[in-house]
Chemist: 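One structure, as structure tokens, below. Some questions next.
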Amino acid sequence: MTRAWILPLLLMTCGTLVAIAQFVRGSAVGAVPFLLLFGLLAGINSPLVFPRPVTDAEARRRSAEDGRPVVYWRAGCKYCLRLRLRLGPAAHRAHWVDIWRDPAGAAAVRAVNGGDETVPTVVVAGRPHVNPDPSWVRAQLGRGPRTEEG
């Protein structure tokens with residue numbers, strides 16, 4: 001099991017325990033909302049919400065070809081989740097690198113953040129942007145291939 005699944009599993013375990021307690025107290029109807037709420041929280045904090053991650057090398061290669069941004073992220077990061085949700089369906093146009101799955105991706109983030117693994121870090125045309133505004137990232141996704149000047 002990877003670190004990315006610890007928070008979702010913890011949330012589901014807590015939700016199940018609270019639901020069981022509600023059920024034991026005789027409130028089966030009261031248990032259902034807890035299961036649904038904790039299930040939703042587990043889902044949005046899991047890697048399943050994000051597009052399929054690629055390696056740092058693959059993301060850089062693809063970005064060089066198509067000019068799309070590379071987004072470095074990790075599961076459980078509320079800022080990464082905010083970026084992902086605000087991008088909506090456009091998020092699939094970026095190249096996503098999970099720094100917990102790819103050591104090279106984590107190293108790339110540390111290199112541009114003074115040794116810290118601060119995410120989301122978005123690289124557009126070779127320039128890193130730490131925790132950028134989601135509307136700015138969405139605008140970058142709509143652009144075509146970029147040159148060194150722009």
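Bear in mind the structure is a predicted one, so any value in this text is a computation, not a measurement. Note: hydrogens, waters and symmetry copies are ignored here, and every other heavy atom, side chains too, is used.
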Chemist: For a 4.5 angstrom cut-off between non-hydrogen side-chain atoms, does N131 reach P120?
Modeler: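 A side-chain contact under 4.5 Å exists here.
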Chemist: Using modelled atom types and a 3.5 Å cut-off, is there a donor and acceptor pairing between side-chain atoms of W96 and backbone atoms of A91?
Modeler: yes
Chemist: For the residue pair P69 and V122, what are the closest heavy atoms and their distance?
Modeler: CB-CG1, 3.8 Å
Chemist: Side chains of D98 and W73: does their closest heavy-atom pair fall under 4.5 Å?
Modeler: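 Side-chain contact under 4.5 Å: yes.
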Chemist: Using the salt bridge (charged side-chain N to carboxylate O under 4.0 Å, His left out) rule, take E65 and R62 through it: C-alpha gap first, then chi angles, then the decisive distance, then the call.
Modeler: CA-CA 5 Å; E65 289 175 3; R62 289 180 184 180; over 6 Å; no
Chemist: Mind checking the CZ-CZ spacing from R138 to R93? Nearest 0.5 Å is all I need.
Modeler: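 It comes to 9.5 Å.
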Chemist: List the atom of W5, the atom of S46, and the distance in Å for their closest heavy-atom pair.
Modeler: CZ3-CB, 3.6 Å
Chemist: Would you kindly confirm whether V18 and L37 end up in one hydrophobic cluster when ILVMFWY residues are joined by side chain heavy atoms under 4.5 Å apart?
Modeler: yes
Chemist: Spell out, as yes or no, whether a donor-acceptor pair under 3.5 Å connects the side chain of S63 to the backbone of R60.
Modeler: no
Chemist: Ignoring hydrogens, what is the shortest heavy-atom contact between R101 and P53? Give both atom names and the distance.
Modeler: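 Reported closest heavy-atom pair: NH1-CG, 3.5 Å.
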Chemist: Can you tell me how far CG of N45 sits from SG of C77, rounded to the nearest 0.5 angstrom?
Modeler: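 Between atom SG of C77 and atom CG of N45 there are 10.0 Å.
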Chemist: Any side-chain heavy atom of D66 sitting closer than 4.5 Å to one from H95?
Modeler: yes
Chemist: Decide yes or no for L85 and V49: does some side-chain heavy atom of the first lie under 4.5 Å from some side-chain heavy atom of the second?
Modeler: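 Of all side-chain heavy-atom pairs linking V49 with L85, at least one is under 4.5 Å.
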Chemist: Of the non-hydrogen atoms in P33 and V29, which two are nearest, and what is the gap between them?
Modeler: CD-O, 3.0 Å
Chemist: Hey, could you give me the CG/SG distance between L9 and C14, rounded to the nearest 0.5 Å?
Modeler: 11.0 Å
Chemist: Report the residue from T13, L10, L11 that forms a side chain to side chain contact (heavy atoms under 4.5 Å, CB included) with F38.
Modeler: L11
Chemist: Using a cut-off of 6.0 Å, state whether more than 12 heavy atoms not belonging to F50 lie near its atom CZ.
Modeler: yes
Chemist: Looking at side-chain heavy atoms only, is the closest gap between W100 and P47 below 4.5 Å?
Modeler: no
Chemist: Do V109 and V97 share a hydrophobic cluster, counting only Ile, Leu, Val, Met, Phe, Trp and Tyr and linking them when any side-chain heavy atoms are less than 4.5 Å apart?
Modeler: yes
Chemist: So, the side chain of R84 versus the backbone of G88: is there a donor-acceptor pair under 3.5 Å, distance only?
Modeler: yes
Chemist: Give the minimum heavy-atom separation between E117 and A106, together with the two atoms involved.
Modeler: OE2-CB, 3.5 Å
Chemist: If you round to the nearest 0.5 Å, how far is CZ of R74 from OG1 of T118?
Modeler: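 Answer rounded to 0.5 Å: 9.5 Å.
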Chemist: Report the distance from atom CG of L141 to atom CG of L87, rounding to the nearest 0.5 Å.
Modeler: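 Nearest 0.5 Å value for the CG-CG distance: 6.0 Å.
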Chemist: Measuring from L83:CG to W136:CH2, what's the distance to the nearest 0.5 Å?
Modeler: 10.5 Å
Chemist: Going hydrophobic residue to hydrophobic residue with side-chain gaps under 4.5 angstrom, can you get from I99 over to V70?
Modeler: yes
Chemist: Is it possible for you to say whether L41 and L7 belong to one hydrophobic cluster, with membership spreading through side-chain heavy-atom contacts below 4.5 Å?
Modeler: yes
Chemist: Is there a path from L40 to L81 through hydrophobic residues (I, L, V, M, F, W, Y) whose side chains come within less than 4.5 Å of each other?
Modeler: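 Yes; L81 is reachable from L40 via cluster members.
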Chemist: With a 4.5 Å limit on heavy-atom distance, are the side chains of T16 and L35 in contact?
Modeler: yes
Chemist: Could you walk me through whether Y72 and V130 pass the side-chain contact (heavy atoms from CB on, under 4.5 Å) check?
Modeler: CA-CA 10 Å; Y72 295 93; V130 179; over 6 Å; no
